[in-house]
Enquirer: 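Before anything else, here's the structure in question.
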Amino acid sequence: MTVPPREEPPVRDLPLDALPPPGAPAVEPFPWRRLDPRMLLVHPVLELVRFLPVLVGVFVLGSSNNDGGMWQLFSVAVPVAVGIVRFLTTRFRITPRQVELQRGLLSKKVLTARLDRVRAVEVTSSPIHRILGLAKVEIGTASGAKQVDDKFVLDGLPLQQARQMRIALLHRTQAGTPPGATAPGQVPPATVDGSAYDDVTLLGFDRRWVRYAPLTSSGNVIAAGVVAILGQFSETIGNRLIHQFGGLGWVTGRPIATLVPVAVLGGLLLFLLLGAVFSVLGYLITNWGFTLSRDARGRTFHIRRGLLTTTETSLERERVRGLEVIEPLGLRLVGAARLAAIVTGVSQQESGSSLLVPPAPREVIDAAGAAVLDTFEPLRVELGQHGPAARRRRYTRALLGAAVLPAGALVLALGTSFPWWVAPATLVLLPVAALLAADRYRRLGHALDEGYLVVRSGSLRGRRDVLQRSGIIGWNVHQSWFQRRSGLVTLVATTAAGKQAYAAIDIPEDRAIALADAAVPGLVTPFLR
């Protein structure tokens with residue numbers, strides 16, 4: 001059953017042809033202008049990096065050719081020229097109703113963003129930007145753009161101007177006279193992030209949080225790549241070690257059945273060690289200097305983070321529709337989690353923009369979430385479980401899945417020379433699967449707070465979603481063949497924010513309909529008659 005979506009209540013949206021009402025704040029307009037001239041030093045470098053594979057090929061081929069010098073110079077001149085043309089053909093302006101961006105030489109492209117549609121603004125400074133005192137401004141407008149060239153990005157503004165533009169776009173205030181200045185021409189008061197606001201800091205970075213980094217999977221991809229590269233040279237490395245250290249001579253002549261477990265265990269330990277190291281480095285580089293703050297008037301949240309590349313993200317408070325508490329098993333075992341905002345105007349491809357708090361203790365996550373929602377209740381409310389049918393479904397799926405490997409190993413051992421001891425060894429998966437099933441059911445639940453719908457699910461990748469009831473625009477009810485036999489459904493709340501779908505999994509059918517009707521009264525009433 002699919003309930004037709006209702007329209008989400010507009011939030012201060014203006015028609016395209018409407019002027020701001022009398023006395024309403026408006027962004028100070030200015031005519032077409034270019035990016036900062038210092039970007040002439042940045043764009044060519046960025047283009048050289050983009051053309052790097054081609055440049056490497058040209059220089060390698062040119063080194064073996066006496067006439068290759070001309071081609072090498074030409075290969076460098078082309079990306080430099082592209083960077084210069086990119087700067088000369090990029091212009092932007094702000095009108096009373098929208099901000100416009102124009103770029104391109106042969107094929108011109110003009111992007112427009114209505115001021116009343118701006119949901120989030122992100123100010124980023126890479127190392128080269130920081131050296132030159134510049135920043136990149138990315139404006140989130142819920143456009144759904146997937147290509148980089150279709151996103152509204154102003155790459156190359158002075159840092160202070162970028163911060164003032166962020167304030168102006170989010171609060172529709174004149175960039176030259178931000179709130180806080182007592183009179184035109186006076187210097188606004190000093191603030192936390194250098195803007196014209198007296199921001200209130202809600203949370204700051206704690207170096208002790210870095211101990212949670214190895215419990216995430218962020219460094220495992222890099223570690224896997226390093227282990228794979230080392231595997232390509234394993235024979236050379238082994239021979240060199242044996243030649244260098246006579247004590248390793250015991251390896252030669254050993255049966256393969258003895259060496260394989262040692263090699264696997266060594267590779268696993270190396271993978272875990274590298275994963276932990278890269279996770280810690282990545283955590284520090286990404287989150288160093290983290291602060292979560294809001295402006296004095298409580299209209300926007302600001303997130304600042306980054307060691308090499310600093311990122312300042314601003315989210316309009318009235319666009320926040322809830323929170324996601326991400327609790328993977330590793331973090332949950334030590335009482336930690338991550339916190340993200342459910343925001344309208346931020347696509348799934350831009351999910352990093354809505355991350356409020358990196359891996360941190362759960363009490364820190366709850367305190368930050370309460371500051372965002374102005375209440376602790378949705379984060380601590382007791383959840384109702386989904387009953388014995390949902391429990392049986394968890395155990396059935398887990399135990400059947402765990403029994404596949406022992407059964408397959410037994411069949412191979414009976415029909416081939418496959419080692420017989422593998423089958424009983426894999427039986428250890430059965431109690432592990434039972435524990436996982438018990439944990440998955442214990443975490444399965446939902447609750448209805450005064451203003452929020454709360455759903456929780458998952459064990460290895462657990463999460464708790466807190467969705468504002470006024471942000472729910474429709475309901476979807478999914479039921480597989482196996483769910484139908486158990487009288488269960490998956491109730492999905494649809495919204496214009498975040499992932500746009502938040503599910504209560506394996507809930508009894510009658511309770512699902514009652515929950516949907518209670519969460520948004522009147523939305524499913526016509527279907528109950």
Side-chain angles (χ1 to χ4, degrees), residues 1-13 113-114 116-122 138-147 150-152 301 303 313-327 338-356 369 372-373 378-379 444 446-449 451-458 461-480 489-507 512-513 515-520 522-524 527:
M1 180 184 73
T2 301
V3 180
R6 61 170 183 168
E7 292 292 332
E8 185 176 358
V11 185
R12 294 207 304 267
D13 287 346
R114 288 175 51 183
D116 60 317
R117 290 293 185 183
V118 174
R119 267 62 166 173
V121 179
E122 185 171 279
E138 183 170 347
I139 302 173
T141 59
S143 63
K146 297 182 179 179
Q147 301 296 327
D150 293 332
K151 294 183 178 181
F152 207 105
F301 294 103
I303 305 99
T313 305
S314 296
L315 303 174
E316 208 171 8
R317 184 172 187 174
E318 62 186 12
R319 307 293 181 179
V320 176
R321 293 289 182 263
L323 297 174
E324 298 176 358
V325 181
I326 301 105
E327 305 172 289
R338 296 196 304 269
L339 184 68
I342 301 175
V343 187
T344 58
V346 177
S347 64
Q348 295 188 46
Q349 292 79 13
E350 303 167 329
S351 59
S353 300
S354 60
L355 183 64
L356 294 179
V372 173
L373 300 179
L379 297 165
L444 193 65
H446 68 276
L448 199 61
D449 186 59
Y452 295 90
L453 169 68
V454 184
V455 293
R456 188 179 67 183
S457 62
R461 300 179 61 184
R463 60 186 304 118
R464 182 188 185 108
D465 298 320
V466 179
L467 181 62
Q468 195 176 65
R469 291 166 59 180
S470 60
I472 299 174
I473 59 177
W475 296 99
N476 290 329
V477 179
H478 301 289
Q479 189 176 46
S480 67
V489 299
T490 296
L491 178 66
V492 182
T494 59
T495 178
K499 298 189 305 177
Q500 301 181 350
Y502 294 88
I505 303 173
D506 285 347
I507 183 173
I513 302 303
L515 175 64
D517 188 49
V520 187
L523 186 58
V524 298
F527 299 89

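Counting from 1, the numbers follow the sequence of the chain as shown. Values reported hereafter were calculated over all heavy atoms of this structure, with side chains retained and with hydrogens, waters and symmetry mates removed.
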Enquirer: Could you pull out all residues at least two apart from Ser457 that satisfy side chain to side chain donor-acceptor pair (under 3.5 Å)?
Expert: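 Applying side chain to side chain donor-acceptor pair (under 3.5 Å) to Ser457 gives none.
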Enquirer: Answer yes or no: is there a side-chain heavy-atom contact under 4.5 Å between Val121 and Glu138?
Expert: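 No - every pair of side-chain heavy atoms lies 4.5 Å or more apart.
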Enquirer: Find the distance between CG (Leu453) and OG (Ser470) and round it off to the nearest 0.5 Å.
Expert: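 One gets 12.0 Å once the value is rounded to the nearest 0.5 Å.
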Enquirer: Can you name the nearest heavy-atom pair linking Val492 to Ala503, along with the distance?
Expert: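 Distance-wise, the nearest heavy atoms are CG2-CB, 3.9 Å.
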Enquirer: Are Asp465 and Arg456 close enough that some pair of their side-chain heavy atoms sits under 4.5 Å apart?
Expert: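 No; the side chains remain at least 4.5 Å from each other.
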Enquirer: To check you understand the geometry: which heavy-atom pair defines the closest contact between Ala504 and Val455, and what is its length?
Expert: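 The answer is CB-CG1, 3.9 Å.
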Enquirer: Can you confirm whether Leu491 sits close enough to Trp475 that some side-chain heavy atom of one is under 4.5 Å from a side-chain heavy atom of the other?
Expert: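 Side chain of Leu491 against side chain of Trp475, heavy atoms only: contact under 4.5 Å found.
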Enquirer: Distance alone, cut at 3.5 Å: any donor-acceptor contact between the side chains of Gln500 and Thr495?
Expert: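 The answer is no; no qualifying pair exists.
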Enquirer: Is there a side-chain contact between Ile342 and Tyr502, using heavy atoms and a 4.5 Å cut-off?
Expert: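 A side-chain contact exists here, since the closest heavy-atom pair is under 4.5 Å.
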Enquirer: Working to the nearest 0.5 Å, report the span between CG of Leu467 and CG of Asp449.
Expert: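 Reported value, rounded in 0.5 Å steps: 12.0 Å.
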Enquirer: Could you tell me if the side chain of Leu315 sits less than 4.5 Å from the side chain of Ile303, heavy atoms only?
Expert: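 A side-chain contact under 4.5 Å exists here.
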Enquirer: Locate the shortest heavy-atom distance separating Ala341 from Leu323; write the atom from each residue and the value.
Expert: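 Closest approach of Ala341 to Leu323, heavy atoms only: CA-CD2, 4.2 Å.
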Enquirer: Taking all heavy atoms of Pro378 and all of Val454, pick out the closest pair and write down the distance.
Expert: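 Closest approach of Pro378 to Val454: O-CG2, 3.7 Å.
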Enquirer: Working to the nearest 0.5 Å, report the span between CG of Leu356 and CG of Leu339.
Expert: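 That separation rounds to 5.0 Å.
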Enquirer: Given side chains that start at C-beta, do those of Phe301 and Thr313 come closer than 4.5 Å, heavy atoms only?
Expert: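 Not touching, per the 4.5 Å side-chain cut-off.
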Enquirer: Under 4.5 Å between any side-chain heavy atoms of Leu373 and Val466, yes or no?
Expert: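 A side-chain contact exists here, since the closest heavy-atom pair is under 4.5 Å.
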Enquirer: With side-chain contact (heavy atoms from CB on, under 4.5 Å) as the criterion, how do Leu523 and Asp517 come out once you've worked through the C-alpha distance, each side chain's angles and the decisive distance to 0.1 Å?
Expert: CA-CA 7 Å; Leu523 186 58; Asp517 188 49; over 6 Å; no
Enquirer: Output yes when Glu327 and Arg464 qualify as a salt bridge under the 4.0 Å nitrogen-oxygen rule, no when they do not.
Expert: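 No.
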Enquirer: Give me the atom names and distance for the closest heavy-atom approach of Ile507 to Ala512.
Expert: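 The answer is CG2-CB, 3.6 Å.
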Enquirer: In the structure I gave you, are the side-chain heavy atoms of Thr344 and Val320 within less than 4.5 Å of one another anywhere?
Expert: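 Sidechains of Val320 and Thr344: no contact.
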Enquirer: Of all heavy-atom pairs between Arg469 and Ala518, which one has the smallest distance, and what is that distance?
Expert: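 Minimum heavy-atom separation between Arg469 and Ala518: NH2-O, 2.8 Å.
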